[in-house]
Amino acid sequence: ASFSLGEVHSLVLTRAGEVWTLGDTSFGAMCNATEEEEAERPLWLTRCELPLHEGEGVVQVVAGAFHSMVRTDRGRLLAWGDNTHGQLGPDRRSGFVYAVLEEAELGASADRIESLDADIETALQGAAEVREVVIPLRETERLRWVDSAVFHTAALTDHGRLVLWGDNAYGQLGSEPANASKAGDSEMSVPLGPAEGFFASQVALGESHTYAMDNASRLYSFGLNAYHELGRMPGQQWDAYPSPMQLPLEEDEALLHLAS
């Protein structure tokens with residue numbers, strides 16, 4: 001059994017292998033419960049009906065800020081919820097719920113208001129669909145761990161590669177950013193792996209920055225640095241290049257675990 005907490009919802013994986021969601025239904029991060037269950041239980045508590053293969057089970061649940069993911073024992077990653085910046089995968093071009101709701105909150109023109117409700121409904125329908133995330137894995141390579149934040153997602157493979165996708169406004173994917181982002185903008189990158197002399201063992205995501213640790217306990221950081229969250233010099237607002245962090249550790253001391 002395990003659990004994961006998002007911004008407005010939570011995911012729970014039971015010992016029986018069931019996945020439950022609790023929380024706000026506004027962003028499509030809750031599951032597609034059956035009509036019978038919706039009649040029996042409150043809307044904020046639902047059991048997920050996932051498109052699993054015969055004999056396939058869930059081994060990890062991940063609640064992003066407004067989206068949800070599950071990793072299966074066959075190495076598949078299933079996702080649903082808000083997809084404003086492709087945090088469910090760059091190939092998925094639907095479910096931009098956050099962007100539409102933000103537009104409504106900021107105030108839209110009179111002629112735009114008429115179509116806004118329809119756009120919200122369309123976005124929610126797209127967000128509610130549970131689909132597999134397409135990740136460019138190599139032959140014999142499998143997913144080992146997944147983490148997600150607000151608008152970007154990370155996956156570790158058993159080959160030691162770190163795969164990132166979603167929003168890259170501040171270089172949090174480890175690649176050169178566009179310095180601006182809008183709904184639908186998304187990319188995928190593999191900034192660290194054995195080819196770079198880095199066998200990724202752990203990853204943790206902040207809202208707009210990323211930490212990665214290798215099997216030698218070296219810690220790298222990249223992304224937004226407005227509050228010095230990367231450990232860079234004051235005044236450096238962001239850095240897309242994964243760089244090692246210098247921590248005041250004792251000679252025989254090593255990092256053990258990352259958390260986001």
Side-chain angles (χ1 to χ4, degrees), residues 3-11 21-31 60-71 77-106 120 123-124 126-128 131 133 135 145-156 162-175 177-189 191 202-212 221-230 237-240 242 258-260:
F3 57 88
S4 182
L5 309 182
E7 182 84 8
V8 295
H9 75 298
S10 305
L11 292 177
T21 55
L22 306 89
D24 187 2
T25 62
S26 301
F27 297 92
M30 301 288 279
C31 288
Q60 183 190 358
V61 292
V62 179
F66 310 109
H67 60 280
S68 302
M69 294 183 165
V70 298
R71 181 173 58 90
L77 182 62
L78 305 177
W80 65 96
D82 176 62
N83 190 42
T84 293
H85 291 290
Q87 56 267 42
L88 306 188
D91 63 310
R92 184 166 174 169
R93 307 298 299 172
S94 62
F96 305 149
V97 183
Y98 185 92
V100 179
L101 291 178
E102 185 177 45
E103 181 184 355
E105 184 176 338
L106 292 175
I120 291 174
L124 284 171
R131 289 173 51 184
V133 180
I135 302 173
W145 189 256
V146 178
D147 193 16
S148 199
V150 181
F151 293 131
H152 74 301
T153 304
L156 295 175
L162 172 64
V163 185
L164 292 141
W165 62 91
D167 184 27
N168 194 41
Y170 300 101
Q172 60 263 48
L173 302 188
S175 60
N179 294 331
S181 60
K182 58 185 179 183
D185 286 350
S186 178
E187 60 180 278
M188 183 174 282
S189 70
Q202 294 187 43
V203 63
L205 307 184
E207 182 171 344
S208 299
H209 67 288
T210 302
Y211 276 23
S221 63
F222 44 98
L224 184 65
N225 190 53
Y227 299 99
H228 318 309
E229 50 266 65
L230 303 185
Q237 290 297 304
W238 56 268
D239 189 357
L258 296 182
S260 57

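Just so it is clear, the structure is predicted and the values come from calculations on it, not from any experiment. Below, all heavy atoms of this structure are taken into account, side chains as well, without hydrogens, waters or symmetry copies. All residue numbers in this chain count up from 1 along the given sequence.
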If you look at every heavy atom in L162 and A154, which pair is closest and at what distance? CD1-CB, 4.1 Å

To the nearest 0.5 Å, tell me how far L77 CG sits from I135 CD1. 5.0 Å

Just jot down the ring pair (Phe, Tyr, Trp, His ring centres under 6.0 Å) partners of F151, sequence neighbours excluded, or say none. H85, Y98

Only one of V133, V150, T153 passes side chain to side chain contact (heavy atoms under 4.5 Å, CB included) with Q87; say which it is. T153

Heavy-atom closest pair (A169 atom, D167 atom, distance to 0.1 Å) is N-OD1, 3.3 Å

Hey, does V70 have a side-chain heavy atom less than 4.5 Å from the side chain of W80? yes

Backbone of L205 reached by a side-chain donor or acceptor of D147 within 3.5 Å: yes

Is S4 reaching over with its side chain to a backbone N or O of A63, donor-acceptor style, under 3.5 angstrom? yes

To the nearest 0.5 Å, what is the distance between OG (S68) and CG (L78)? 11.5 Å

Atom CD in Q237, atom CG in L230: separation rounded to 0.5 Å? 10.5 Å

If only atom types and distance count, is the side chain of H9 paired as donor or acceptor with the main-chain N or O of H67 below 3.5 Å? yes

Rounded to the nearest 0.5 Å, the CZ atom of F27 sits from the OG1 atom of T84 at a distance of 8.5 Å

For the residue pair R71 and W145, establish whether any side-chain heavy-atom pair is separated by less than 4.5 Å. yes

Which atoms form the tightest heavy-atom contact between T21 and A29, and what is the distance? CG2-O, 4.1 Å

Taking it one step at a time, do H209 and N225 satisfy side-chain contact (heavy atoms from CB on, under 4.5 Å)? CA-CA 8 Å; H209 67 288; N225 190 53; over 6 Å; no

How long is the straight-line distance from NE2 of H152 back to OG of S208, given to the nearest 0.5 Å? 7.5 Å

Does CD in E207 sit with more than 12 non-hydrogen atoms of other residues, nucleotides or ligands closer than 6.0 Å? no

Within the side chain of S189, is there an N or O that forms a donor-acceptor pair under 3.5 Å with the backbone of G174? no

Heavy atoms only: give me the nearest G89-N83 pair and the separation to one decimal. N-OD1, 4.1 Å

Under 4.5 Å between any side-chain heavy atoms of V97 and F66, yes or no? no

Do F222 and L164 have side chains that get closer than 4.5 Å, going by heavy atoms? yes

Do L88 and R131 have side chains that get closer than 4.5 Å, going by heavy atoms? no

Between S175 and E187: side-chain donor-acceptor atoms closer than 3.5 Å: yes

Any non-hydrogen side-chain atom of Q172 less than 4.5 Å from a side-chain atom of L224? no

Examine distances only and state if a side-chain atom of R92 and a backbone atom of A79 form a donor-acceptor pair shorter than 3.5 Å. yes

